Amino acid sequence: PGAAAVRLDNSGEKSKYDQLMILVNTRRDECTAHLPGDDWMVLCDGESSMRWKKPKAASQAYILAPVTLTLLGKMR
């Protein structure tokens with residue numbers, strides 16, 4: 001309870017990321033999201049909404065900070 005994930009199809013000829021995932025943690029403590037597969041990049045998180053300019057790789061067991069929204073993109 002207090003955390004949710006939505007996976008979206010973002011495929012298209014001009015899309016850099018075929019899939020997007022929105023992770024939300026409404027809890028007051030950290031929680032772990034177990035990502036399906038590899039190659040997910042952090043595009044926006046609780047530290048920066050501009051992370052997409054210099055995305056960082058997300059680990060398969062991604063730690064969500066308290067009360068945050070995180071956007072991930074899966075490379076082609």
Side-chain angles (χ1 to χ4, degrees):
V6 176
R7 192 171 174 178
L8 305 168
D9 180 359
N10 191 52
S11 58
E13 191 174 303
K14 296 181 181 183
S15 178
K16 184 174 182 176
Y17 302 97
D18 278 345
Q19 298 175 51
L20 297 174
M21 186 175 301
I22 301 167
L23 304 169
V24 180
N25 180 11
T26 62
R27 298 168 27 170
R28 294 182 186 264
D29 56 337
E30 294 179 342
C31 67
T32 303
H34 298 279
L35 304 179
D38 297 323
D39 302 325
W40 289 96
M41 303 298 290
V42 181
L43 306 178
C44 171
D45 61 15
E47 295 177 12
S48 175
S49 62
M50 302 294 279
R51 178 106 36 225
W52 58 271
K53 289 186 175 186
K54 291 184 180 177
K56 62 179 183 177
S59 62
Q60 272 195 299
Y62 186 77
I63 305 295
L64 293 166
V67 193
T68 57
L69 182 140
T70 301
L71 175 63
L72 304 178
K74 188 169 178 80
M75 301 290 285
R76 294 180 158 235

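In what follows, every heavy atom counts, from backbone to side chain, and hydrogens, waters and symmetry copies are set aside. The structure presented is a predicted model; accordingly, all values stated were derived computationally and were not measured.
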Problem - Qualifying salt bridge (Lys or Arg N to Asp or Glu O under 4.0 Å) pairs, either residue in residues 8-25, two or more places apart - result: Asp18-Arg76
Practice task
Verify the cluster assignment for Tyr62 and Val67: are they in a single hydrophobic cluster under the rule of side-chain heavy atoms below 4.5 Å apart?
Solution key: no
Problem - Asn25 side chain near Thr70 side chain, heavy-atom distance below 4.5 Å - result: no
Exercise for the section: Using the test side chain to side chain contact (heavy atoms under 4.5 Å, CB included), find all partners of Lys56 that sit at least two apart in sequence or belong to another chain. Expected result: Val42, Asp45, Arg51
Practice task
Determine whether Leu43 and Ile22 fall in the same hydrophobic cluster, where Ile, Leu, Val, Met, Phe, Trp and Tyr are linked whenever their side-chain heavy atoms lie under 4.5 Å apart.
Solution key: yes
Practice task
Determine whether Met41 and Leu35 fall in the same hydrophobic cluster, where Ile, Leu, Val, Met, Phe, Trp and Tyr are linked whenever their side-chain heavy atoms lie under 4.5 Å apart.
Solution key: no
Fill in the blank from the handout: Ser15 and Ser11 have their tightest heavy-atom pair at CB-C, 4.4 Å
Handout entry: Interatomic spacing from CG in Leu64 to CG in Leu69 - rounded to 0.5 Å
Key = 9.5 Å
Practice task
Over all heavy atoms of both residues, which pair between Thr68 and Gly46 is shortest? Give the atoms and the distance, please.
Solution key: CG2-CA, 3.7 Å
Fill in the blank from the handout: Sorted by chain and number, sequence neighbours left out, side chain to side chain contact (heavy atoms under 4.5 Å, CB included) with Arg7 holds for Gln19, Met21, Pro36, Trp40
Exercise for the section: Applying side chain to side chain contact (heavy atoms under 4.5 Å, CB included), name anything that partners Thr26, two or more places apart in sequence or on another chain. Expected result: Val24
Practice task
Would you list the pairs meeting salt bridge (Lys or Arg N to Asp or Glu O under 4.0 Å) in which at least one residue belongs to residues 22-38, sequence neighbours left out?
Solution key: Arg27-Asp29
Problem - Check: Ala61 main-chain N/O paired with Thr32 side-chain donor or acceptor under 3.5 Å - result: no
Problem - Ser49: side chain to side chain contact (heavy atoms under 4.5 Å, CB included) partners, not counting sequence neighbours - result: Cys44
Handout entry: same_hphob_cluster(Leu71, Met50) at 4.5 Å side-chain heavy-atom cutoff
Key = yes
Practice task
Treat each ILVMFWY residue as a node, draw an edge where side-chain heavy atoms are under 4.5 Å apart, and state whether Val6 and Leu20 are in one component.
Solution key: yes
Problem - Heavy-atom closest pair, residues Pro55 and Tyr17 - result: CG-OH, 3.6 Å
Exercise for the section: Determine yes or no for a side-chain-to-main-chain donor-acceptor pair under 3.5 angstrom, with Gln60 supplying the side chain and Gly37 the backbone. Expected result: yes
